[in-house]
Amino acid sequence: MGDSRPISPDALPQDLWSSILDSVSSSRTIPAKQILILGEPSSGKSTLAAALLSKPTTQETSADEKSDFALGYDWADVRDEGDEDILARLSVYTVPSSAPSYTALLPHFLPPKTSLPHTVVVIVLDWTKPWTFIDELQAWLKWIEEWSKGDGSRDLEILREENRERLQAHLQHYTEPSADPIPATSSISSTTLLPLGPGTLTHNAAGVPIIVACTKADLIDENSDLMGAGASAMGAMVKGKGEEWEERTDAIMQILRTVCLKYGASLFYTTPMPPQLQVLRQYALHLLFAPPAPSLGIATEGAAPIRNPFPFPHKPNTLDRDRIVVPTGWDSWGKIAVLRDGFEAKAWGEAWEHDLDPDEGETGESSAKKLYASLVEDGGIKPPPLPTFNNPTPEQVFLAKNYDENSKKPDRDPRGAFRNPTDNPAAGVVGPMGSSSFNLPNVERALTEMEGGPSPLGAAVGGEAARKLSSRPAPRASTSGMPVPPLNATTRTGLGSPTLNSTPSPGAEPVRHDVLQNFFQSLLIQKDRAGTSLSTRSSTPKPGADTPNDTEDGA
């Protein structure tokens, strides 16, 4: 056991901790860089993300099967030219839309305090929808300004100033690449710097590196001969190939370059071809590893220059519409005006400022959106117009209006439609006694059917019933010895019984009461008559039956 211990007790722990610290330090020396891709749906963001990470794209996946997340994320290691050492770990964030519900997630994953010096923003514009360029640029650039402000702390303000100085130094030290391989790597020297030109870096106070990538540039000339407006065509803007078509595309390029110059951004036209996407990737890495601005208090003559590990060897290109390359620091108002005569970069810059002013807004002829809409008509699919708004009358107002109208009518009582016009409403009889239901044929029919005779309409009920009753034989005396009063016309009908179809008179109501009384009395008499006949039959002896007197005599 004693031989297994080290000679020096501190030797083994010292070597162990040094190896652990070396491994941690080596892992922490790998810087983290981020690329934020902003664009609307179906604008080619996934293709750019795969190209920036040097990952193959799955072409067999259809557009319907692709899923778009609230915030896309992927990463890859960035190696040097010999593919030996890992220089950085690159993370790519993708936002599916400019809706606030999506953009509100970004400050949680990319806080400006920690990610501002290590982030490049790529704004994606779709060439199949050129009428949306100005709207999307204003929306995304405004969001970048708000995101870079953060919480407005003092530390963040210092970081914003340093980042802007770094971008400004990158603009002032830009030189076109040459065939000489020696200056292929860019460095910050102490040469005399010229001031920025007019309209250059007037915005972007935080110095965020921005790349405006116009995707699907290969469809510019392919769809130029289409006349109708479609989802993937430029027919609304194009009237045919030729000089007019080229002038329109050149004018769009001049407008984009003017806007990019104000924010210190670069402009690229991309196609799905890998060589074009590789150029964009090289420039994105070139911006991510741009050296910081030299300090003003320290002389840089004897210091070793800080080199960019990812130089950008491609020259600017403004002639090939499918391979446009305008790096940051190269463009100016003079170069923009050379492309096409008659373009005023200053006027477009003022129109852009007019739209950003919250007091003026987008009103007036000097609005950039209105000027651009006159050049490029909107060819998107228009939503169907909404139906006219139906503003119904409130219920209480409607009822009050009809109530006022009905209250002015003399016959507003609906029961008047069912009342006999010959009736006197002021007869003083309440209920069915005052109605004219006694003149109905069914009452007369019921009276005559109970008497056993026909029901002649219009005949006198009292006289007819009296004649039928007087022709019948008088009933026998009841077994109880109580005489049954004879039924005559006076008993049945009463005195002065009127007919049902007689003309009513002012004093006809009491007569109708007598008719109703006689009607119910006749029902009672018929009932008594039926009971008397049954009792008479039961008291009459059957023929051949012995009576009590006969029995006594025989005895």
Side-chain angles (χ1 to χ4, degrees), residues 33 35 117-123 141 144 161-214 253-254 256-270 278-296 300-301 303-320 323-339 345 349:
K33 302 293 183 179
I35 296 179
H118 311 286
T119 304
V120 169
V121 180
V122 179
I123 300 177
L141 292 173
I144 293 173
E161 293 177 1
E162 294 177 353
N163 210 45
R164 181 178 173 84
E165 292 176 358
R166 173 190 175 191
L167 180 60
Q168 182 175 348
H170 182 76
L171 289 170
Q172 294 174 334
H173 288 87
Y174 174 80
T175 55
E176 292 187 23
S178 60
D180 191 359
I182 297 177
T185 58
S186 61
S187 62
I188 301 297
S189 61
S190 59
T191 57
T192 304
L193 299 179
L194 297 177
L196 297 176
T200 303
L201 199 60
T202 57
H203 293 68
N204 194 4
V208 180
I210 301 174
I211 302 175
V212 178
C214 298
M253 185 194 306
Q254 287 176 316
L256 295 178
R257 289 170 60 182
T258 303
V259 176
C260 291
L261 190 64
K262 298 177 70 65
Y263 290 84
S266 56
L267 179 64
F268 281 76
Y269 283 13
T270 63
Q278 185 66 21
V279 173
L280 179 63
R281 180 179 183 273
Q282 292 179 1
Y283 188 74
L285 295 176
H286 177 72
L287 289 180
L288 284 172
F289 290 90
S295 178
L296 298 177
T300 58
E301 294 182 358
I306 303 176
R307 300 181 181 276
N308 193 327
F310 293 96
F312 186 67
H314 300 277
K315 292 184 177 182
N317 183 9
T318 58
L319 299 178
D320 300 328
R323 292 187 298 272
I324 297 297
V325 176
V326 181
T328 300
W330 175 82
D331 212 354
S332 62
W333 279 2
K335 296 177 181 178
I336 295 174
V338 169
L339 183 62

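We count residues from 1, following the sequence as given.
Inter-residue side-chain proximity for Ile123 and Ile144 is flagged as met; some heavy-atom pair is nearer than 4.5 Å. Between Phe268 and Val325, some side-chain heavy-atom pair lies under the 4.5 Å cut-off. The side-chain heavy atoms of Val326 and Leu256, taken from C-beta on, include no pair separated by under 4.5 Å. Looking at Ile35 and Leu288, their side chains come closer than 4.5 Å, going by heavy atoms from C-beta outward. Annotation: side chain of Cys214 is in contact with side chain of Leu267 (closest heavy-atom distance under 4.5 Å).
Under the rule for a side chain to side chain contact (heavy atoms under 4.5 Å, CB included), the partners of His314 that lie at least two apart in sequence or sit in another chain are Val279, Gln282, Phe312. Thr258 is linked by a side-chain hydrogen bond (donor to acceptor under 3.5 Å, both in side chains) to nothing, counting only residues two or more places apart in sequence or in another chain. Scanning for salt bridge (Lys or Arg N to Asp or Glu O under 4.0 Å) contacts around Lys335 gives an empty result, with sequence neighbours left out. Here Tyr263 pairs with Trp352 under the side-chain hydrogen bond (donor to acceptor under 3.5 Å, both in side chains) rule; sequence neighbours left out. Taking Gln254 as the reference, Ile336, Leu339, Arg340, Phe343 meet the side chain to side chain contact (heavy atoms under 4.5 Å, CB included) condition, with sequence neighbours excluded. Residues that satisfy the salt bridge (Lys or Arg N to Asp or Glu O under 4.0 Å) test with Arg323, not counting sequence neighbours, are Asp320. Looking at residues two or more places apart in sequence or on another chain, you find a side-chain hydrogen bond (donor to acceptor under 3.5 Å, both in side chains) between Arg281 and Ser54. With sequence neighbours excluded, no residue forms a side-chain hydrogen bond (donor to acceptor under 3.5 Å, both in side chains) with Asn163. Residues that satisfy the ring pair (Phe, Tyr, Trp, His ring centres under 6.0 Å) test with His118, not counting sequence neighbours, are absent from this structure.
For the pair Pro209 and Leu287, the tightest heavy-atom approach, listed with the atom from each and the gap, is CB-CD1, 4.1 Å. Scanning both residues, Trp333 and Gly199, for their nearest heavy atoms gives CZ2-CA, 3.6 Å. For His170 against His286, the heavy-atom pair with the smallest separation is CE1-NE2, 3.5 Å. Leu167 and Gly264 get closest at one heavy-atom pair: CD1-O, 4.2 Å. The shortest non-hydrogen separation linking Pro316 to Tyr174 is CG-OH, 3.6 Å.
Considering Ile211, Leu261, Ile210 as possible partners of Ser266, the one that fulfils the side chain to side chain contact (heavy atoms under 4.5 Å, CB included) test is Ile211.
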(request) For the pair His203 and Leu141, evaluate side-chain contact (heavy atoms from CB on, under 4.5 Å) and give the outcome as yes or no after the intermediate values. (result) CA-CA 10 Å; His203 293 68; Leu141 292 173; over 6 Å; no
(request) Evaluate the criterion side-chain contact (heavy atoms from CB on, under 4.5 Å) for residue pair Asn317 and Tyr269; output intermediate values, then yes/no. (result) CA-CA 10 Å; Asn317 183 9; Tyr269 283 13; over 6 Å; no
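Every pair tested for salt bridge (Lys or Arg N to Asp or Glu O under 4.0 Å) that includes a residue from residues 193-206 fails, sequence neighbours excluded, so the list is empty.
Put simply, the side chain of Arg166 gets close to the backbone of Ala290: a donor and an acceptor are under 3.5 Å apart.
Atom CD of Gln168 is separated from atom CG of Asn204 by 11.5 Å, given to the nearest 0.5 angstrom. To the nearest 0.5 Å, the span separating NZ on Lys315 from CH2 on Trp330 amounts to 12.0 Å.
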